[in-house]
**Q** 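Below are the structure tokens for one structure; questions will follow.
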Amino acid sequence: QVQLAESGGGSVQAGGSLRLSCVASGGTLSGNTMGWFRQGPGKEREFVAGIGVTGGSTRYADSVKGRFTISRDNAKNSVLLQMNSLKPEDTAVYYCAARPTVGICTRSYQYDSWGQGTQVTVSS
């Protein structure tokens, strides 16, 4: 399993933007389907976005479609999540996850490696 580390979280006002980064160490992200999940206060962890092994396919939760963009750079062993038009309901700890098989999945148990998470707080 690769080790994942997220960064880029912070506090912003509603309507603002943040870019989250997930960098892998101890292995390569090539061949891994990648996902971003989030867990808000008192809520279960939920799927946010996923990207296929080549970056040619993506999938988003309905709540973030049109506002968030996931991308990957296999040469840099990293995955990004660009978040625009942020809303207070986007407040959560955001996690990067890796799945060493083809196919974007939305269930957290389908991912093998997880980062520690980065906090995103959006104020109204």
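This chain uses plain numbering: 1 for the first residue, then up along the sequence.
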**Q** Taking all non-hydrogen atoms of both residues, which atom of M34 and which atom of A98 are closest, and how far apart?
**A** SD-CB, 3.6 Å
**Q** Could you check V120 against L20 for side-chain contact (heavy atoms from CB on, under 4.5 Å), going step by step and ending with a plain yes or no?
**A** CA-CA 9 Å; V120 171; L20 304 184; 4.1 Å; yes
**Q** Between E44 and Q39, what is the shortest heavy-atom contact and its length?
**A** C-CG, 4.0 Å
**Q** Minimum heavy-atom separation for V53 to T101, with atom names?
**A** CG1-O, 4.3 Å
**Q** Can you confirm whether more than 12 heavy atoms, excluding those of Q116, are under 6.0 Å from its CD atom?
**A** no
**Q** Among residues two or more places apart or on two chains, list those pairs meeting ring pair (Phe, Tyr, Trp, His ring centres under 6.0 Å) that have a residue in residues 6-36.
**A** none
**Q** Going by the ring pair (Phe, Tyr, Trp, His ring centres under 6.0 Å) test, which pairs reach into residues 58-113, not counting sequence neighbours?
**A** F37-Y111
**Q** Which pairs count as disulfide (SG to SG under 2.5 Å) when at least one residue sits in residues 34-69, sequence neighbours excluded?
**A** none
**Q** If you define the side chain from C-beta out and look only at heavy atoms, does anything of F47 sit under 4.5 Å from Q110?
**A** no
**Q** Would you say L81 and L18 are hydrophobically clustered, going by side-chain heavy atoms of ILVMFWY under 4.5 Å?
**A** yes
**Q** Can you list everything that forms a side chain to side chain donor-acceptor pair (under 3.5 Å) with Q82? Sequence neighbours excluded, please.
**A** N84
**Q** Test of understanding: with side chain to side chain donor-acceptor pair (under 3.5 Å), list the residues that count as partners of S108, not counting sequence neighbours.
**A** none
**Q** Determine which pairs satisfy salt bridge (charged side-chain N to carboxylate O under 4.0 Å, His left out) with at least one residue from residues 110-124, sequence neighbours left out, and list them in order.
**A** none
**Q** When rounded to the nearest 0.5 angstrom, what distance separates OG in S124 from NZ in K87?
**A** 13.5 Å
**Q** Apply side chain to side chain donor-acceptor pair (under 3.5 Å) to E89 and list each qualifying residue two or more places apart in sequence or on a separate chain.
**A** none
**Q** What salt bridge (charged side-chain N to carboxylate O under 4.0 Å, His left out) pairs are there with at least one residue in residues 101-110, not counting sequence neighbours?
**A** none
**Q** For the side chain of T58 and the backbone of I51, is there at least one donor-acceptor N/O pair under 3.5 Å apart?
**A** no
**Q** Within the side chain of Q13, is there an N or O that forms a donor-acceptor pair under 3.5 Å with the backbone of S123?
**A** no
**Q** How many angstroms lie between atom OG1 of T54 and atom CG of N74, to the nearest 0.5 angstrom?
**A** 8.5 Å
**Q** Closest heavy-atom contact between S21 and V23?
**A** OG-CG2, 3.8 Å
**Q** Can you see which heavy atom on R99 is nearest to which on C105, and at what distance?
**A** CZ-SG, 3.2 Å
**Q** Checking T91 side chain against V122 main chain: does a donor-acceptor pair fall under 3.5 Å?
**A** yes
**Q** Restricting to salt bridge (charged side-chain N to carboxylate O under 4.0 Å, His left out), what partner residues turn up for K65, sequence neighbours left out?
**A** D62
**Q** Under the disulfide (SG to SG under 2.5 Å) rule, what pairs show up with a residue in residues 23-99, not counting sequence neighbours?
**A** C22-C96
**Q** Can you name the side chain to side chain donor-acceptor pair (under 3.5 Å) partners of R59, sequence neighbours left out?
**A** none
**Q** If you look only at pairs with a residue in residues 14-39, which of them pass as a salt bridge (charged side-chain N to carboxylate O under 4.0 Å, His left out), with sequence neighbours excluded?
**A** R38-E46, R38-D90
**Q** Would you mind reporting whether V48 and I70 have side-chain heavy atoms less than 4.5 Å apart?
**A** no
**Q** For R72, which of V79, L80, N77 qualifies under side-chain contact (heavy atoms from CB on, under 4.5 Å)?
**A** V79
